[in-house]
Structure formats: structure tokens, C-alpha cells
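Convention: sequence-line order gives letters A, B, ...; per-chain numbering from 1. None of the values given here were measured: they were computed from a predicted structure.
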Amino acid sequence: HFPRDLKWQNNNVTFRILNYTPDLTKSDVDRAIRTALNVWSDVTPLTFKKLQNGIADIMISFGSKEHGDYNPFDGPDGLLAHAYPPGQGIGGDTHFDEDEHWTKDSSAYNLFIVAAHELGHALGMSHSTDAGALMYPIYSYSTGFVLAEDDIEGIQALYGPNPDQKKVKPKPDAPDKCDPMLSFDATTELRGETIIFKDRFYWRLHPQMPEPEQTLIQFTWPSLPNKVDAAYENPEKDMVIIFSGIRMWALNGYNLVDGYPKYIHKLGLPKTVRKVDAAVHIKGTGKTLLFTDEEYWSYDEATGTMDSGYPRIIEDDFPGMDDEVDAALYQHGYLYFFHGHVQYEYSYTARKVIRIMWTNSILNC
Amino acid sequence: LPLPSENKDNWLQAEKYLRRFYGLPAGLQGRQGTSGAFKTKIKEMQSFFKLKVTGNLDDNTLEFMNLPRCGVPDIGEYN
């Protein structure tokens, strides 16, 4: 919130659109603004009435560089828009940088998403530190319900809930890396860094940067799903394979490799397998292990075929690992199995699990 | 020593960013090295974005400063 929890004292707020961007039709802009206002009215008692003239609480306009409030925009990119907290005069007013290209899809800056964020300010919300919240200051395109729990908690602290609130499904907040019960969805190497997937986010661990960096998956790889089951890196091909459900994607850095997604059964997995729990490439052997429930498979990268004699029981070949596997990593000659909030360190030389740690100890917790 | 020009651009951009979003006082910064206020504001920004808090203008911090964003300041003192 802003200092002194600035808010509108009356739940019936008025707004007016003073001018329009040429990037979209007038009805597209009207719809984007109305839908953005509905985001907040759906979860609060607030109502929004559109004025065609006169002074409204929230005056909405498009302008470039210095546009009348001594708070200039900066040309394309950089600053996209700004808004003022509730109050008289300029209070509540919302300005969009006309030097941006405004769209109603993901091809450039989506007006609805930016408007929903700015109107959050116009209602009394300041910026959130949660990378998955609508009120996070940096633009990212996302589909589905735009509010996260953090946003709803904030706005309802100011105005209360909507008495006849429809059932909404807010995005869960970003996972806390030091939550002792934290489990992982998937892990992989990526050009010397370690990537850990959890919910809609991933942490990026760089050898020289002990502080992991949390980012939205969609921010880096927009064509990936929001949930990853397994992942591994094939260093010889400089490719990371991502599994989600019965599909898999191949990434070359930031780029999606042509021809993907493909079905996981192309690897030779039977149709009965609907999900890969974990995957790990064992450097120097050319083999990739794929874990499903209590069993695992061995895929030969060079021949592109599944090795015969699989699946095998995980516990038979990896004594000490008697749990299903959420994620797996191969580092410095050790195989790390992650299950729930526990990780198991398996030594090939000792042929057994030799250490058990907290899953998130890899995140310096 | 004079900063190499590329560094100077980054520096100026960082100053402008911190002034606009983290209330860095105007006009206090020298061009050489990291003054106390500058370092403090960089730490505030790094803490906000959950980056490694170093107080230094490292690549990661600069990367975030270049991302498209909202023009409202991140820190509560809203003038």
C-alpha cells in the first residue's frame, strides 16, 4: 500500500478515458480498460462508472515524454505507464506511454495487463516484491487469472472482499526458497548453471552467484507450460529437454527447438506412461535416466533409443533411494535424488545413498 | 581515474533509475566510485527484486534496470 494506506473513501469510483492510442480500435481500448477494472471489482465492493465528460476520479490518457504532470515518459520500452494513488486532482489518474506499441495479445505490451497493474495503483496498491504478482513492477505477459494471492490480500485489506464474489482462482504466490517443506518439480543443468523448477517459477543458480534468482518460467520461455514435471540437459547437443505431462520441449538456450513439443513416447516410453517424474543425463555415459513412479528407464542419446531391459526398479539399482523421485541432478560424480523436502546423495563408487539433506540446502537454506 | 565511457553510461542510467524509483537524492553523487547513498539505494533495489544484495552495480542489477516496467516508484516514500 502507499503511505497512510491511501484509498478511495467511496466505493463507487468514476473513470473517464480522455484519449485513445492509434494502436488499437476505440472498442479494444474500452474493453481492455473495462476488463482491467473488473479484475479489481470482482474481488472488492468497488464499482466503476464511466463518465463521458467532466472530472472523474480516475482520468485515463495516453501521452508521450512530458505529458503534463512533470513525470515524463521515456520513448519506447523502459517506462510503460504510471498512475497516481487515490486522492483529489491528479490522484487516481492513469497515464500510458503512447511511444509503446499497445496490443491485445502478447506480440507487444498488452494494454489489459498494464492497465490492470496501473489501476491497482489508482486504487491504492503499491508495488509487490512477488515476481508472480500483478503488482510486481516489471512487465510480463501471462494468461489466465491475472491476480495472485498477494494482490487479493492487498486490495481486500483496503476495501474488503466482494460480498458476492464469484469463485476466483488466484495465482499462488511465489514459493519461498527457505520453506523447510519445499519440494521441487524438476531440476536441470543449463550451460553451467543449475535450474530448479517449482510451480510457475524457476530458480537459477550460478556458480559465482550463490544467491539464487527467481523468475517466472513464462518470462524466459513463453512457449513452455506453467508446470514442469522433469528436465535434463544434453550437453553434447547443448539442449535442455523439458517434460510436462505427455509432452516434451527442447530448448537451445532461450529458443525452442523446431519440431517441438513432441510426445514423450517418441523416446520409446510405452503409452501407459503419462508423466515423467524426473530426468537426468549422466555425463560421460551418453545415457539419460527417466524416472516414472517406482521405476526408471535408460535412454541412449547417441542411438536415440531406449536401452533394453528397462524399466527397472529404482531401489534395486540405487540402494537407499526407496522413494519416488521429484527431480534428479548429476553433479561432480554424484547423483542427487529430490523427493519432497529431502534430497538423497547417491555415490556411484559406494553404490548407495551416502547422505541425506534438506531439498532446499541447494538453495543455501 | 576517469571511468571508461561504457561504464559511465551504465552509471548514469543507474543513478536515474535509483532517483526515480528509490528516492536517491539528486545531485549528491560524485562520478567516481560508489558513494554511501548510491550503495544504499542499490541495496534497496537488489533487496526488492530478491537479487544478491551487494550494493554494487553488477550485471544482474543492470539487467533488471533495463526491463520494461511501471513508472511508479517501488519504495513507499511517494512524493
Check: B:Arg69 and A:His127 side chains under 4.5 Å, non-hydrogen atoms:
yes
B:Val72: which of A:His117, A:His82, A:Met135, A:Met125 passes side chain to side chain contact (heavy atoms under 4.5 Å, CB included):
A:His82
Parallel, tilted or perpendicular, judged at 30° and 60°: which one describes the rings of B:Phe48 and A:Tyr136?
parallel
Any heavy-atom pair between the side chains of A:Pro137 and B:Phe21 that's under 4.5 Å?
no
Is any side-chain heavy atom of A:Tyr139 closer than 4.5 Å to one of B:Leu67?
no
Report, as yes or no, whether the 6.0 Å neighbourhood of atom CD on A:Gln88 holds more than 12 heavy atoms from other residues, nucleotides or ligands.
no
In sequence, state the C-alpha distance, the side-chain angles, and the governing distance for B:Thr54 and A:Glu211, and then conclude on side-chain contact (heavy atoms from CB on, under 4.5 Å).
CA-CA 11 Å; B:Thr54 63; A:Glu211 193 63 29; over 6 Å; no
Residue pair B:Lys50, A:Lys177: steps toward the side-chain contact (heavy atoms from CB on, under 4.5 Å) verdict
CA-CA 11 Å; B:Lys50 297 191 175 96; A:Lys177 65 181 173 59; over 6 Å; no
Checking A:Ser140 against chain B: side chain, backbone, both or neither under 4.5 Å from a heavy atom?
neither
Between A:Phe219 and chain B, which part of the residue has a heavy atom less than 4.5 Å away: side chain, backbone, both or neither?
side chain
Side-chain contact, heavy-atom cut-off 4.5 Å: B:Cys70 with A:His121?
yes
Is the CG atom of A:Asp105 crowded by more than 12 outside heavy atoms at less than 6.0 Å?
yes
Relative to chain B, which segment of A:Pro72 carries a heavy atom at a distance below 4.5 Å: side chain, backbone, both, or neither?
both
Test log, rule side-chain contact (heavy atoms from CB on, under 4.5 Å), inputs B:Phe49 and A:Thr129
CA-CA 6 Å; B:Phe49 286 108; A:Thr129 59; over 6 Å; no
Heavy-atom pair count under 4.5 Å with chain B, highest-scoring of A:Glu100, A:His95, A:Glu118, A:Gln214:
A:Glu118
Is it the side chain or the backbone of B:Asn60 that comes within 4.5 Å of chain A heavy atoms, both, or neither?
side chain
